Amino acid sequence: MTSECRRTTEDLHTPFSPNWCPGCGNLNIWGALKEAAVKEGWDNTNTVLVAGIGCHGHILNFIKLTSFEGLHGRALPVATGVKLANHKLNVIVLTGDGDCLGEGGNHFLHACRRNHDLTILLHDNALYALTTGQASPVTQHGVKTKSTPQGNPDEPISPLAIAIAAGATFAARAYSGNIPKLTELIIEANKHVGLAVIDILQPCVTFNKICTHAFFQENTYYLGEDYNSTNKEAAFTKALEFGPKKIPLGIFYKVEKPSFESQLPQLSEKTLVEQEPNVKNINELFKRYIQQSG
Ligand SMILES: Cc1ncc(C[n+]2csc(CCOP(=O)(O)OP(=O)(O)O)c2C)c(N)n1
Ligand code: SF4
């Protein structure tokens with residue numbers, strides 16, 4: 001490919017302009033994802049995006065890549081299905097903190113446990129934004145939202161502590177406002193074989209008046225070179241660190257382990273979609289099952 005015909009981020013634009021609120025962190029994530037796609041050569045033949053329902057899910061309308069919008073909380077089952085049907089595809093999941101950890105919490109646990117070869121971009125704005133600002137599983141204790149007008153009685157969960165405990169082999173956190181670092185991290189997470197999750201701190205400028213751009217700029221720091229990302233216990237402890245002036249960013253945990261897909265003998269030679277089904281008539285299949293079970 002000559003430099004003249006190399007793709008740019010504009011080539012990934014669709015006829016639709018983003019309709020996120022001005023200043024929304026989703027705009028930054030969109031920017032970083034396009035940069036990563038151009039750098040890595042992701043296109044409609046090699047990459048599939050799967051999103052859940054929420055402001056985050058709108059991203060599929062603004063980036064020209066093969067995509068599927070699942071039901072709320074169901075991005076992960078769709079993504080694991082796509083990956084199993086054609087494990088040669090690069091599958092990226094875009095999900096919200098409500099989508100991934102509330103409605104889809106059970107799927108998140110088991111996708112991590114099985115170490116599916118997926119890249120999860122968790123748009124973490126610490127509330128349910130599309131439905132106008134209710135508390136989500138990561139909303140801090142005491143915070144007043146539409147659904148917790150007296151202050152949130154629940155304690156938040158740590159997406160990364162859960163991911164690490166459940167078996168994810170790559171767990172990182174980013175701030176959406178630093179697009180170059182987010183782009184780099186998306187690429188690194190995507191190169192990782194196994195379940196990679198990036199908890200992306202994403203300001204919702206309309207409904208979250210606490211987790212603002214200024215708040216993240218003041219209260220986050222990058223893990224240093226001396227941090228050992230292969231120590232599971234240390235990573236778990238680091239994932240629980242979340243307070244004023246000490247919200248860590250970077251790769252918390254990264255280890256090599258066989259992915260779910262790499263362990264299936266059925267996928268060792270060909271993808272499932274390349275394999276001819278050996279039963280062409282579904283009635284035959286039912287009859288065979290009835291005979292076997294009867
Ligand atoms: C099963 C189900 N429950 C509730 C809803 C309503 N609903 C749509 S989007 C949404 C909130 C999305 O929040 P989040 O996943 O955090 O994404 P964000 O909008 O913050 O990007 C809810 C509750 C739904 N569509 N389906
Ligand atoms: S409501 Fe919040 S998350 Fe949704 S587009 Fe607006 S700023 Fe972004």
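In this text, all values refer to a predicted model and were calculated from it rather than measured experimentally. Order of listing sets the numbers, starting from 1, for every ligand and every atom in it.
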Would you say the side-chain atoms of [X] and [Y] include a donor-acceptor pair closer than 3.5 Å?
| X | Y | result |
| --- | --- | --- |
| Q134 | T131 | yes |
| H192 | T169 | yes |
| T47 | N90 | yes |
| N190 | T119 | yes |
| D154 | H141 | no |
| T66 | N44 | yes |
| Q202 | Y175 | no |

Any idea which protein heavy atom is nearest [atom], and the distance to it?
| atom | answer |
| --- | --- |
| atom 16 (O) of ligand 1 | G98 N, 2.9 Å |
| atom 26 (N) of ligand 1 | H72 CB, 3.3 Å |
| atom 15 (O) of ligand 1 | D99 N, 2.7 Å |
| atom 3 (S) of ligand 2 | A129 CB, 3.5 Å |
| atom 7 (N) of ligand 1 | T131 CG2, 3.6 Å |

Considering the options R114, K83, H116, which one meets the side-chain hydrogen bond (donor to acceptor under 3.5 Å, both in side chains) requirement together with E261?
-> H116
Give yes if a backbone or side-chain nitrogen or oxygen of [X] is under 3.5 Å from a nitrogen or oxygen of ligand 1, and no if not.
| X | value |
| --- | --- |
| G96 | no |
| L130 | yes |
| Y128 | no |
| H56 | yes |

Between [X] and [Y], does at least one N-O distance fall below 4.0 Å, as a salt bridge requires?
| X | Y | answer |
| --- | --- | --- |
| K88 | E274 | yes |
| K191 | E40 | yes |
| E103 | R74 | no |

[X] neighbourhood, listing ligand 1 atoms whose heavy-atom distance to it stays under 4.0 Å:
| X | result |
| --- | --- |
| C55 | 18 (P), 19 (O), 21 (O) |
| L127 | 16 (O), 20 (O) |
| I53 | 8 (C), 9 (S), 12 (C), 15 (O) |

Which of the numbered atoms in ligand 2 are below 4.0 angstrom from a heavy atom of [X]?
| X | result |
| --- | --- |
| V205 | 7 (S) |
| C21 | 1 (S), 5 (S), 6 (Fe), 7 (S) |
| N125 | 3 (S) |
| F207 | 1 (S) |
| C24 | 3 (S), 5 (S), 7 (S), 8 (Fe) |
| T206 | 6 (Fe), 7 (S) |

Structural part of [X] in contact with ligand 2, heavy atom criterion under 4.0 angstrom:
| X | value |
| --- | --- |
| C55 | side chain |
| N208 | neither |
| Q202 | side chain |

What part of T95, side chain, backbone, both or neither, has a heavy atom within less than 4.0 angstrom of ligand 1?
-> neither
Does NZ or CZ of K181 lie under 6.0 Å from the centre of the six-membered ring of Y222, at an angle within 45° of the ring axis?
-> yes
Would you call K254 and E188 a side-chain contact if the rule is heavy atoms closer than 4.5 Å?
-> yes
State whether C204 contributes an N/O/S atom found under 2.8 Å from atom 2 (Fe) of ligand 2.
-> yes
So, for L185 and A174, which heavy atoms are closest and what is the spacing to 0.1 Å?
-> CD2-CB, 3.8 Å
Looking at ligand 1, does N26 have a heavy atom less than 4.0 Å from it?
-> no
